Amino acid sequence: MCAHVLVAEDDEKQAELIRRSLLAEGHTATVVHDGAAALDAARRLRPDLVVLDLMLPVVDGFGVCRVLRGGEDPDIPVVMLTARAAEDDVLLGLELGADDYMTKPYSPRELMARIRTVLRRSGRGGSVRDDDPVVRAGGISVHPVRHEVRCDGKPVECTPAEFQILLAMAGEPDRVFSRRQLLQCTRGFDRASTERAVDVHIMNLRRKIEADPRRPVRLVTVFGVGYKLTGGRP
């Protein structure tokens, strides 16, 4: 079963753990860290399921769920995550239309099992399909299941670490990623990697997706912060 899952979690370590678990299950994942970004991503990407933390900044999880249920896709499955185990919180989440509810700390394996159950019950997701969501940013497209990258329609060969970096950045175009955040994307593929090694991955990716790697317009440096993949075409 393959699905596109939107993960709304303000704890970056938790979000990365969920993202990696989803990828290991064959799903694709887009990660956001506040409620407003979750609503924007849900509108743009139309995911198959939302993993929603309740304690989000800007708009909390209850607010996000309330808007989703009144939006263009009111039946989108929602799995809520929270450290708040009070019965009233659980009941409110379910009354707002959450399909499942897990309290922290939780087992990633149990979360994946809950997601499989909700997807099966909702009829969303499925085996690899022609309409599997492709993550796009400008002229870059990344197919997580087929492990394919295209730049302006032309195939691009990437190492596993490069692929994971590009997948994360394409999922949140124009977001600035620090070296440390991009390094987390390579864990499990490049265990000996350091933050400085991220610069090498970026340099290699630029050779593959930029017309002039010395003057990048797609994968650009934000000095003193990190890198971002621009969402518009160059």
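Nothing fancy with the numbering, it's 1 onward along the sequence. Here the structure is a predicted model, which is why all the values come from computation and not from measurement.
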Student check: side-chain heavy atoms of [X] and [Y] closer than 4.5 Å:
| X | Y | result |
| --- | --- | --- |
| H4 | L45 | yes |
| V79 | L49 | yes |
| L68 | D73 | no |
| L52 | L81 | no |
| V176 | Y227 | no |
| C158 | L205 | yes |
| P173 | L229 | no |
| C151 | I209 | yes |

Residue from V142, T28, V149 passing side chain to side chain contact (heavy atoms under 4.5 Å, CB included) with L167: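 Testing each of V142, T28, V149 against L167, the sole residue satisfying side chain to side chain contact (heavy atoms under 4.5 Å, CB included) is V142.
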
Atom CZ of R44: over 12 foreign heavy atoms under 6.0 Å: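 For R44, atom CZ is crowded (more than 12 foreign heavy atoms under 6.0 Å).
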
Within 6.0 angstrom of R180 CZ, more than 12 heavy atoms from elsewhere: no

Between atom [atom1] of [X] and atom [atom2] of [Y], what is the distance when rounded to the nearest 0.5 Å?
| X | Y | atom1 | atom2 | result |
| --- | --- | --- | --- | --- |
| R114 | L119 | CZ | CG | 14.0 Å |
| L111 | M102 | CG | CE | 5.5 Å |
| L183 | I165 | CG | CD1 | 8.0 Å |
| L182 | M169 | CG | CE | 5.5 Å |
| R20 | L22 | CZ | CG | 12.0 Å |
| D48 | I115 | CG | CD1 | 11.5 Å |

V50 vs I76, side chain to side chain contact (heavy atoms under 4.5 Å, CB included): CA-CA, chis, key distance, verdict: CA-CA 7 Å; V50 179; I76 183 172; 3.6 Å; yes

If you look at every heavy atom in [X] and [Y], which pair is closest and at what distance?
| X | Y | value |
| --- | --- | --- |
| E12 | H33 | CG-CE1, 3.8 Å |
| V58 | A36 | CG1-CB, 3.7 Å |
| V217 | T230 | O-OG1, 3.2 Å |
| L6 | A38 | CD2-O, 3.5 Å |
| M80 | C65 | CE-CB, 3.6 Å |
| A15 | V31 | CB-CG1, 3.7 Å |

Any carboxylate oxygen within less than 4.0 angstrom of a Lys/Arg side-chain nitrogen, looking at [X] and [Y]?
| X | Y | answer |
| --- | --- | --- |
| D152 | K208 | no |
| K228 | E172 | no |
| E9 | K104 | yes |
| E16 | R19 | yes |

Side-chain donor-acceptor pair present, Q14, Y106, cut-off under 3.5 Å: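 Yes, because at least one side-chain N or O of Q14 sits under 3.5 Å from a partner of the opposite role on Y106.
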
Side-chain H-bond candidate by donor/acceptor type, T221 with R206, under 3.5 Å: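 Judged by distance alone, the side chains do pair up.
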
Which residues share a side-chain hydrogen bond (donor to acceptor under 3.5 Å, both in side chains) with N204, sequence neighbours left out: R207

hydrophobic_cluster_shared for V7 and L17, side chain cutoff 4.5 Å: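 Each belongs to a different hydrophobic cluster.
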
If only atom types and distance count, is the side chain of [X] paired as donor or acceptor with the main-chain N or O of [Y] below 3.5 Å?
| X | Y | value |
| --- | --- | --- |
| D99 | V118 | no |
| R218 | E210 | no |
| E148 | P155 | no |
| T117 | A113 | yes |

Those residues that, when tested against R215, pass salt bridge (charged side-chain N to carboxylate O under 4.0 Å, His left out) (two or more places apart): D212

Those residues that, when tested against D75, pass salt bridge (charged side-chain N to carboxylate O under 4.0 Å, His left out) (two or more places apart): none

Test log, rule side chain to side chain contact (heavy atoms under 4.5 Å, CB included), inputs I202 and F177: CA-CA 12 Å; I202 295 295; F177 289 80; over 6 Å; no

Side chain to side chain contact (heavy atoms under 4.5 Å, CB included) between Q164 and L23, worked out: CA-CA 10 Å; Q164 292 300 324; L23 293 180; 3.3 Å; yes

Intermediate values then yes/no, side chain to side chain contact (heavy atoms under 4.5 Å, CB included), L54 and D60: CA-CA 6 Å; L54 285 186; D60 68 15; over 6 Å; no

